[in-house]
Amino acid sequence: MASLSLPGSLVKPHCIKRRPPPSLIRCNVAEPLKFKDNGRPCVPAQIGRDATFPSFLTSNQFRKLSVPQNQNDTRLRIFSGTANPALSQEIACYMGLDLGKIKIKRFADGEIYVQLQESVRGCDVYLVQPTCPPANENLMELLIMIDACRRASAKNITAVIPYFGYARADRKTQGRESIAAKLVANLITEAGADRVLACDLHSGQSMGYFDIPVDHVHGQPVILDYLASKTICSDDLVVVSPDVGGVARARAFAKKLSDAPLAIVDKRRYAHNVAEVMNLIGDVRGKVAVMVDDMIDTAGTIAKGAALLHQEGAREVYACSTHAVFSPPAIERLSSGLFQEVIVTNTIPVAEQNYFPELTVLSVANLLGETIWRVHDDCAGGFEPYSSLGID
């Protein structure tokens with residue numbers, strides 16, 4: 001039986017290491033979060049100089065990107081909003097930089113105040129702020145941060161949005177609906193952003209809503225690399241799309257996961273207040289099923305799909321998603337015993353009370369950090385190591 005394998009360009013994408021000078025400390029966040037018996041997270045943190053680099057980043061073809069010897073002289077600044085400061089710190093640590101000093105506070109009536117605590121005149125500024133719940137608060141904070149940088153004469157402003165809220169409202173499915181994704185794109189553009197760096201948009205066409213360049217980074221390599229480290233025979237694997245709308249995503253995932261077969265959960269509701277009829281397209285009997293989606297919100301769709309897979313004879317079921325929104329009652333559904341493991345990334349911070357033993361959180365900090373360096377240094381997107389990061 002063949003063993004699970006991945007293309008060489010996908011090896012260790014979530015632990016990509018930039019080579020800073022010896023004077024800088026590097027942060028190794030390659031390991032996923034581990035959990036104690038009570039389900040509480042135990043975060044591995046290894047900081048040192050002995051980290052190894054993936055082959056495609058140490059190749060002679062890949063030009064060495066320059067890291068400033070004096071951090072105070074760099075024209076690159078990274079600022080963090082309040083939505084996910086831990087991810088922002090990991091990104092800055094990977095890049096060998098310090099987070100920019102910024103003051104963000106709320107007035108008594110809820111209004112947001114932002115003041116940069118250092119000069120950004122003529123600098124390339126990157127603002128890390130996912131618009132995760134509370135979406136309206138975090139979106140408004142991002143807009144005010146962009147405005148503050150524009151008024152402080154920043155040369156270029158890039159909104160780094162690991163999770164882009166309102167992305168599901170990307171089209172009209174019935175009359176008199178708004179397309180909120182386009183509205184939010186307009187707000188970010190009008191606030192003064194020159195570029196957007198987003199991770200796993202709900203649909204690819206959302207990039208077209210922006211009138212500014214969009215770098216779309218996929219979190220799939222992070223999850224693929226983790227699955228490749230597990231002792232699962234490739235002949236036992238089957239990738240499952242939890243709904244018809246995610247077939248393209250699941251197909252791309254399956255192709256990179258040893259070209260595994262594909263199955264689809266077909267969910268239909270024939271009338272309002274009528275129970276859903278679920279059918280499975282494909283064979284999962286005796287297989288290890290890997291369900292792939294871009295986000296897990298209330299976990300209703302993916303939990304019902306997992307129950308159907310067990311009913312059809314699947315041996316184990318894994319849930320893989322980039323964005324862990326986890327709106328109630330998601331935790332109860334995900335920890336009910338349907339899943340062998342629930343694998344997500346840290347584009348959205350997972351509250352401590354939402355951890356459960358089957359949950360694994362992988363970091364996309366190195367992936368985003370490398371993307372920021374390459375955008376800043378104007379690397380060619382067609383370069384093979386660059387394209388292997390999943391940057392459109």
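Everything quoted here is computed from the prediction, not taken from an experiment. One-based numbering along the sequence shown.
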J.: Shared ILVMFWY cluster between Ile348 and Tyr166, side chains joined below 4.5 angstrom?
T.: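 In one cluster with Ile348: Tyr166, no.
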J.: Could you check if a side-chain atom of Asp243 sits within less than 4.5 angstrom of a side-chain atom of Ser241, using non-hydrogen atoms only?
T.: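 Of all side-chain heavy-atom pairs linking Ser241 with Asp243, at least one is under 4.5 Å.
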J.: Side-chain heavy atoms nearer than 4.5 Å, only ILVMFWY residues, links allowed to pass through others: does that put Leu201 and Met295 together?
T.: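 In one cluster: no.
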J.: Quick one about Thr189 and Asp211 (side-chain donor to acceptor, distance below 3.5 Å, no hydrogens or angles considered), yes or no?
T.: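 On atom types as modelled, these side chains do not qualify, holding no pair under 3.5 Å.
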J.: I need the Asp98 CG to Glu118 CD distance, nearest 0.5 Å.
T.: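 Between Asp98 CG and Glu118 CD, I get 9.0 Å after rounding to 0.5 Å.
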J.: Hydrophobic clusters here meaning ILVMFWY residues chained together by side-chain heavy-atom distances under 4.5 Å, can you tell me if Val325 and Val350 are in one?
T.: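 No, Val325 and Val350 fall in different hydrophobic clusters.
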J.: Please examine the side chains of Val364 and Asn346, heavy atoms only from C-beta on, and report whether any two atoms are closer than 4.5 Å.
T.: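 Yes, side chains in contact.
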J.: Shortest non-hydrogen contact from Ala159 to Ile146?
T.: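 Of all heavy-atom pairs spanning Ala159 and Ile146, the closest is CB-CD1, 4.3 Å.
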J.: With sequence neighbours excluded, tell me which residues meet ring-ring contact (aromatic ring centres under 6.0 Å, His included) with Tyr126.
T.: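 With neighbours one apart ignored, the set is empty.
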J.: Going from NE2 on His323 to OG1 on Thr345, what distance comes out if it is rounded to the nearest 0.5 angstrom?
T.: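 So the gap between those two atoms works out to 6.5 Å.
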J.: Any idea which heavy atoms bring Met207 and His216 closest together, and the distance?
T.: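 That would be SD-CB, 3.5 Å.
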J.: Shortest non-hydrogen contact from Ser80 to Ile102?
T.: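 Scanning both residues completely, I find the closest heavy atoms to be O-CG2, 3.8 Å.
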J.: Contact between Ser88 and Ile78 at the side-chain level, heavy atoms closer than 4.5 Å - yes or no?
T.: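 They are not in side-chain contact.
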J.: Going by atom types alone, do Asp293 and Ser321 pair a side-chain donor with an acceptor below 3.5 Å?
T.: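 On atom types as modelled, these side chains do not qualify, holding no pair under 3.5 Å.
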J.: Does a side-chain heavy-atom distance below 4.5 Å link Asn84 with Pro162?
T.: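 Answer no - side chains too far apart.
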J.: Using a strict cut-off of less than 4.0 Å between a Lys/Arg side-chain nitrogen and an Asp/Glu carboxylate oxygen, indicate whether Glu312 and Lys287 qualify as a salt bridge.
T.: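 Between Lys287 and Glu312 there is no salt bridge, as every charged N stays at least 4.0 Å from the carboxylate O atoms.
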J.: Which distance, rounded to the nearest 0.5 Å, do you find between the CD1 of Ile188 and the OH of Tyr209?
T.: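 Answer for the CD1-OH pair, Ile188 versus Tyr209, is 14.0 Å.
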J.: Does a side-chain heavy-atom distance below 4.5 Å link Leu237 with Ile232?
T.: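 Answer yes - side chains close enough.
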J.: Out of curiosity, Glu190 CD to Leu187 CG, how far, rounded to the nearest 0.5 Å?
T.: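 Going from the CD atom of Glu190 to the CG atom of Leu187 covers 8.5 Å.
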J.: With rounding to the nearest 0.5 Å, note down the distance linking SG in Cys93 to CG in Leu99.
T.: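 Rounded to the nearest 0.5 Å, the SG-CG separation comes out at 10.0 Å.
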J.: Testing the basics here: between Ile104 and Gly81, what is the closest heavy-atom pair and its distance to 0.1 Å?
T.: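 In this case the closest contact between Ile104 and Gly81 is CD1-CA, 4.0 Å.
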J.: Using the ring of each side chain (for Trp, its six-membered ring), is Phe107 parallel, tilted or perpendicular to Tyr113, with breaks at 30° and 60°?
T.: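 Ring orientation of Phe107 relative to Tyr113: perpendicular.
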J.: Regarding Asp294 and Tyr163, is there a side-chain donor-to-acceptor distance under 3.5 Å anywhere?
T.: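 Short answer, no.
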